[in-house]
Structures are given as structure tokens and as C-alpha cells.
Amino acid sequence: MDLIQTRFQEQLAMKNIELSERQLSQFEIYFHELVTWNEKMNLTGITDREEVYVKHFYDSLSVSFFVTMRDVMQMADIGSGAGFPSIPLKIMFPHMKVTIVDSLNKRIQFLNHLTAELGLSDVSCVHGRAEDIARLAEHRDRYDLVTARAVAKLAGLNELCLPFAKVNGTFVAMKGSDFQQELDDSSYSLNELRGKYIYTRSLELPDAEHSSRNLLFIRKFAPTPKLYPRKAGTPLKTPLIK
């Protein structure tokens, strides 16, 4: 174990998260696969090893600082890209069944390869638009936890993500430092989609300058109305704002 892994382990230990040797090995495999595939397709602008550990792995795991993960049986990650935050969370909490939805098939191919290399089970990588997948009975109103990391503004994002959450489930929107206007603009979409903003949890990434993160927690209080989500492309082009 080198200095980067030692720091990673120590930083997580401060959050009462203990990494096994297998999990440390899985994160290192993840890093190498990410960098290798990134040469063929655009997965991330961050390829420095230390930065990947902090800005991708630690950042993804920050969800677990504020959520009791042992109670999460099914998780959906919408617009996951290279697998953030769902794959780091699955590595740490392997009991979960994880569904990843992404509209780009190349990313789904990477994620299928990655989960095989990591030896992860109960990970389903679904190619399609969130608006279409959320209409399917096996995904609608089904998940304990739904996540989206740096995908879109909240007024549109609510319509992509909340239909996946079950009643009393939680949607966590992972944002940077500037989110208040998004939150203010999202009140109508939250009401329409039967979501209620609960609170924001904030943190600073370790060893990273000016890296403030804000996790917006939204609770789903009733089933998704039949009207939503609207057809693919509409939520982001014409978000529910009044």
C-alpha cells in the first residue's frame, strides 16, 4: 500500500469507513481501468491518480457519510458516466443491488467491463434515456436511494431521477458549491414529482483546494404521477419551472 492509498484509507477511517485489502485492490483496479479506457473514449478529465482517489472515489463515497447504507437494498444511479458515485459505493457496500442508467452505450460497455474486472455482482448497467427507463414497471417507484452527480440543474434533474425512487425513498443530488439558485428554481418540479427537499449536507474534499461539495437530500412522499417523466429530452430542455 502506497502513500495515496494510505491517505485514502485514513481519510475514510475518519468517517468510520474501514477498507479491506480486497476493497483497496478494487479501487486500484478501478483507477487503472478508468485511465486505460479514457484513452479510447471521454470518461473523465481527471486522470492523475491522487486526484481520482480524492475527486472521484472519496467524493462518491461521501454519500455514505450521511446515509445509513446498510438500509439501502436497491440503488439507482442516473447519468452515471464512468460509474460515479454508484461503483465506489457498491465496492464499499456490496450488499446493495445497483442499477446504473446511462444514455451512451460506450459508457455502458465500459461499466459492464469494469464490474466484471472488479468482481461485482448485482450491478445492472442499463443503456437508455432516464425518461424512457423510468416508464418501465421494473424501475418506476422502486429504489431506496437514487443518485445523480453533476448531471443537470435540479429543476430538470428531479424529473429524471425522482420517478425511480420509491415512496419514502431518497434522491441525493450531488452538487458543487453554487446550488442555491437551482434549489430555489426547483420548488415547482419537486411538488409535481412528489418530492420534498429535506436538507443539504456540505463537505470539503480532503487535499483539494476549493473543492466544496453539497449533497441535496430529497424525499419522495407519493408515487410518480402518470404524466411524468415527459418524453426524452423534454425535462432538460423545458424544465418544470414556474
Side-chain angles (χ1 to χ4, degrees), residues 8-9 11-20 23 26-27 30 53-101 115 118 120-124 130 134 139 141-152 154 157-158 160-177 179 182-183 186 190 193-206 211-222 224:
F8 184 56
Q9 192 171 42
Q11 288 155 357
L12 291 174
M14 291 170 67
K15 301 293 184 180
N16 297 313
I17 295 174
E18 299 296 330
L19 280 160
S20 68
Q23 288 164 331
Q26 286 174 310
F27 279 114
Y30 196 165
Y53 268 80
V54 173
K55 295 183 178 179
H56 282 327
F57 297 162
Y58 183 95
D59 186 33
S60 293
L61 292 174
S62 69
V63 173
S64 70
F65 304 166
F66 310 107
V67 174
T68 305
M69 297 302 294
R70 66 174 178 269
D71 295 338
V72 177
M73 295 296 115
Q74 297 205 74
M75 172 187 176
D77 191 13
I78 310 305
S80 177
F84 307 119
S86 51
I87 298 298
L89 287 167
K90 173 66 176 177
I91 290 172
M92 285 306 311
F93 305 99
H95 72 277
M96 293 191 302
K97 291 185 176 180
V98 173
T99 297
I100 298 173
V101 178
T115 54
L118 296 176
L120 300 177
S121 59
D122 289 326
V123 178
S124 174
H139 297 292
D141 299 327
R142 290 284 171 155
Y143 295 91
D144 304 301
L145 176 67
V146 181
T147 57
R149 180 177 179 257
V151 173
L154 198 57
L157 192 60
N158 286 331
L160 301 184
C161 296
L162 277 168
F164 288 89
K166 72 179 187 181
V167 176
N168 294 320
T170 303
F171 165 41
V172 179
M174 305 179 73
K175 297 289 181 180
S177 57
F179 69 92
E182 282 188 49
L183 186 57
S186 72
L190 283 172
L193 292 154
R194 308 303 186 258
K196 182 181 180 183
Y197 167 72
I198 305 297
Y199 47 61
T200 297
R201 293 291 181 257
S202 303
L203 70 149
E204 296 286 328
L205 296 185
S211 290
S212 299
R213 296 290 188 266
N214 292 279
L215 279 60
L216 281 57
F217 283 75
I218 294 162
R219 186 67 39 81
K220 173 97 161 266
F221 62 80
T224 306

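This structure is a prediction, so every number in the text was calculated from the model and none was measured. The chain is numbered in sequence order, starting from 1.
- With a 4.5 Å cut-off on side-chain heavy atoms, Ile218 and Lys196 do not count as touching.
- Between Met75 and Tyr143 the shortest heavy-atom distance is C-CD2, 3.6 Å.
- The OG atom of Ser60 sits 5.5 Å away from atom CZ of Phe84, with the distance rounded to the nearest 0.5 Å.
- Considering only heavy atoms from C-beta on, Ile78 comes within 4.5 Å of Phe164 through its side chain.
- Put simply, the side chain of Ser20 does not reach to within 4.5 Å of the side chain of Glu18, judged on heavy atoms.
- Across every non-hydrogen atom of Ser62 and Met174, the tightest pair is OG-CE, 3.9 Å.
- Side-chain atoms of His95 come within 3.5 Å of backbone atoms of Val72 as a donor-acceptor pair (strictly under, hydrogens ignored).
- From Leu216, atom CG reaches atom OG of Ser186 across 8.0 Å, with rounding to the nearest 0.5 Å.
- Put simply, the side chain of Lys15 does not reach to within 4.5 Å of the side chain of Ser64, judged on heavy atoms.
- A donor-acceptor pair is defined here as one N or O able to donate and one able to accept, closer than 3.5 Å; such a pair exists between the side chain of Gln26 and the backbone of Leu118.
- When all heavy atoms are compared, the tightest approach of Pro85 to Thr147 is CG-OG1, 3.6 Å.
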**OP:** Tell me, with the steps shown, if Thr200 and Asn214 meet side chain to side chain donor-acceptor pair (under 3.5 Å).
**Re:** CA-CA 6 Å; Thr200 297; Asn214 292 279; 5.9 Å; no
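- Using a 4.5 Å heavy-atom threshold, the side chains of Leu120 and Ile87 count as touching.
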**OP:** Step by step, work out the side chain to side chain contact (heavy atoms under 4.5 Å, CB included) result for Val63 and Arg149.
**Re:** CA-CA 10 Å; Val63 173; Arg149 180 177 179 257; over 6 Å; no
**OP:** Using the side chain to side chain contact (heavy atoms under 4.5 Å, CB included) rule, take Met96 and Ser86 through it: C-alpha gap first, then chi angles, then the decisive distance, then the call.
**Re:** CA-CA 10 Å; Met96 293 191 302; Ser86 51; over 6 Å; no
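- For the pair Arg194 and Leu162, the minimum side-chain heavy-atom distance is 4.5 Å or more.
- With Asp144 contributing its side chain and Gly169 its backbone, the two residues share no donor-acceptor pair below 3.5 Å.
- Between Tyr199 and Phe66, the ring center distance fails the sub-6.0 Å criterion.
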Original post:
Where do Met69 and Leu89 land on the side chain to side chain contact (heavy atoms under 4.5 Å, CB included) test, with the steps shown first?
Top reply: CA-CA 9 Å; Met69 297 302 294; Leu89 287 167; 4.1 Å; yes
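- Ring geometry for Tyr58 versus Phe65: interplanar angle over 60°, hence perpendicular rather than tilted (30 to 60°).
- Aromatic ring pairs are classed by plane angle as parallel below 30°, tilted from 30° to 60° and perpendicular above 60°; the pair Phe27 and Phe57 is tilted.
- Contact detail for Leu19 and Gln9: the closest heavy-atom pair is O-NE2, 3.5 Å.
- Separation of atoms NE2 (His56) and OH (Tyr30) is listed at 8.0 Å; rounding is to 0.5 Å.
- Lys97 places no side-chain N or O within donor-acceptor distance of the main-chain N or O of Val123, the cut-off being under 3.5 Å.
- Put simply, the side chain of Ile100 does not reach to within 4.5 Å of the side chain of Ser124, judged on heavy atoms.
- Under a 3.5 Å cut-off, the side chain of Ser80 and the backbone N or O of Asp77 do not form any donor-acceptor pair.
- Shown here for Ala222 and Val167, the closest heavy-atom pair between the two residues is C-CG2, 3.6 Å.
- For the pair Glu182 and Lys175, the salt-bridge criterion is met [side-chain N within less than 4.0 Å of a carboxylate O].
- Scanning both residues, Val54 and Pro206, for their nearest heavy atoms gives CG1-O, 3.0 Å.
- The main-chain N or O of Asn168 is never found under 3.5 Å from a side-chain atom of Lys220 such that the two would form a donor-acceptor pair.
- Note that CG of Leu190 is 9.0 Å distant from CZ of Phe171, once rounded to the nearest 0.5 Å.
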Subject >> Residue pair His139, Gln74: steps toward the side chain to side chain contact (heavy atoms under 4.5 Å, CB included) verdict >> reply: CA-CA 10 Å; His139 297 292; Gln74 297 205 74; over 6 Å; no
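- Counting only heavy atoms from C-beta outward, the side chains of Leu205 and Lys55 approach each other to under 4.5 Å.
- Side chains of Asp141 and Thr224: a donor-acceptor N/O pair is present below 3.5 angstrom, by distance only.
- Separation of atoms CG (Leu145) and NZ (Lys166) is listed at 11.0 Å; rounding is to 0.5 Å.
- Judged by distance alone, with hydrogens and angles left aside, the side-chain atoms of Thr68 form no donor-acceptor pair with the main-chain N or O of Asp71 at under 3.5 Å.
- Rounding to the nearest 0.5 Å gives a distance of 6.5 Å between CG of Leu203 and CG of Leu215.
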